[in-house]
Amino acid sequence: MGKVAIVTGGSRGIGEAISLALQEMGITVAANYAGNDEKAKAFTERTGIAAYKWDVGDHEATLAGCQKVAEDLGPVDIVVNNAGITRDGVLQRMSFDDWNDVMRVNLGGCFNMAKATFGGMRERGWGRIVNIGSINGQAGQYGQVNYAAAKSGIHGFTKALAQEGAKYGVTVNAIAPGYIDTDMVAAVPPAVLEKIVAKIPVGRLGQAHEIARGVAFLCSDDAGFVTGSTLSLNGGQHMY
Ligand code: CAA
């Protein structure tokens, strides 16, 4: 039987490119999404990939959502924790909600998804978890104490869970994208973004499919010896 993957935030941006890359590998993909029903419907019509709505920051909803995917498509072998939000602002102006929403979704989402799926992967002796971190979790970023903390947390989470999964054939890795041409980056004020792009040695934003290729590799059988690693895909902006 073919493999089944869940890509969180999988119907838009980097997540959409990841869903498509996994589909190309012959994997049955479920794209999770939280908000935009219309965009998710259009995505399913365009790609044939089923979309499932739940908030990855909600523990019970995530357990139920993953169970529904498993009932519909089969046991979940691959999880890509891609769902993420920003609530940028300097600390002076950042509210507790701005902090908490980002921690709950970006980092809490990884925990919730792992709780729902890691046990089954372990029992079946094969699994792949890929967590989308960020250059800003590695290097920090002005105006992002919440996002940088959550993404940095993802890198620690990855290394800890990798140690628990290794002997059961479950690899856990992270990708740390730099600035990618998505709606999230388009929301950065143009003058700020211009300065950021000027610091990227390759001289441009990354493309979603360039992140997806990295994810595809980490999800493949060929990557069985890669675990606990972080693949930095950032155009040379932060060499780590
Ligand atoms: N380093 C030092 N100082 C900085 C700075 C920086 N990187 N950025 C801004 N400042 C300074 C400004 O020069 C300015 O100083 P003065 O008041 O002395 O002129 C001051 O900080 C205020 O700057 P802003 O006018 O930009 O302040 P603001 O409150 O309007 O906005 C902000 C602050 C919301 C953080 C805005 O700067 C911003 O959006 N920055 C971009 C943050 C960012 O990169 N987010 C990434 C989103 S994409 C993503 O997260 C995906 C991923 O994984 C890479």
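Both ligands and their constituent atoms are indexed starting at 1 by order of listing. All heavy atoms count here, side chains included; hydrogens, waters and symmetry mates do not. The shown structure was predicted, so the numbers you read here are calculated from the model rather than taken from an experiment.
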Find all protein N or O atoms under 3.5 angstrom from an N or O atom of ligand 1 and list the pairs with distances, or write 'none'.
unit_1: ligand 1; atom_1: 21 (O); unit_2: Y142; atom_2: OH; d: 2.5
unit_1: ligand 1; atom_1: 29 (O); unit_2: R93; atom_2: NH2; d: 2.6
unit_1: ligand 1; atom_1: 44 (O); unit_2: Q141; atom_2: NE2; d: 3.4
unit_1: ligand 1; atom_1: 44 (O); unit_2: Y179; atom_2: OH; d: 2.7
unit_1: ligand 1; atom_1: 45 (N); unit_2: D88; atom_2: OD2; d: 2.8
unit_1: ligand 1; atom_1: 45 (N); unit_2: Q144; atom_2: NE2; d: 3.4
unit_1: ligand 1; atom_1: 50 (O); unit_2: Q144; atom_2: NE2; d: 3.0
unit_1: ligand 1; atom_1: 53 (O); unit_2: S134; atom_2: OG; d: 2.6
unit_1: ligand 1; atom_1: 53 (O); unit_2: Y147; atom_2: OH; d: 2.8

Q: Please indicate whether R213 has more than 12 foreign heavy atoms, meaning atoms of other residues, nucleotides or ligands, lying under 6.0 Å from its CZ.
A: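 No, because the 6.0 Å sphere around CZ of R213 holds 12 heavy atoms or fewer from other groups.
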Counterpart residues, side chain to side chain donor-acceptor pair (under 3.5 Å), relative to D72 (two or more places apart):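 So D72 forms a side chain to side chain donor-acceptor pair (under 3.5 Å) with Y52, K68.
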Quiz item: Out of D58, N112, V56, T8, which residue meets the side-chain contact (heavy atoms from CB on, under 4.5 Å) rule with V105?
Solution: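 With V105 as partner, side-chain contact (heavy atoms from CB on, under 4.5 Å) holds for just one option, V56.
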Nearest 0.5 angstrom please: [X] [atom1] to [Y] [atom2], how far?
{"X": "Y33", "Y": "R12", "atom1": "OH", "atom2": "CZ", "result": "12.0 Å"}
{"X": "R87", "Y": "Y147", "atom1": "CZ", "atom2": "OH", "result": "12.0 Å"}
{"X": "R124", "Y": "D77", "atom1": "CZ", "atom2": "CG", "result": "5.5 Å"}

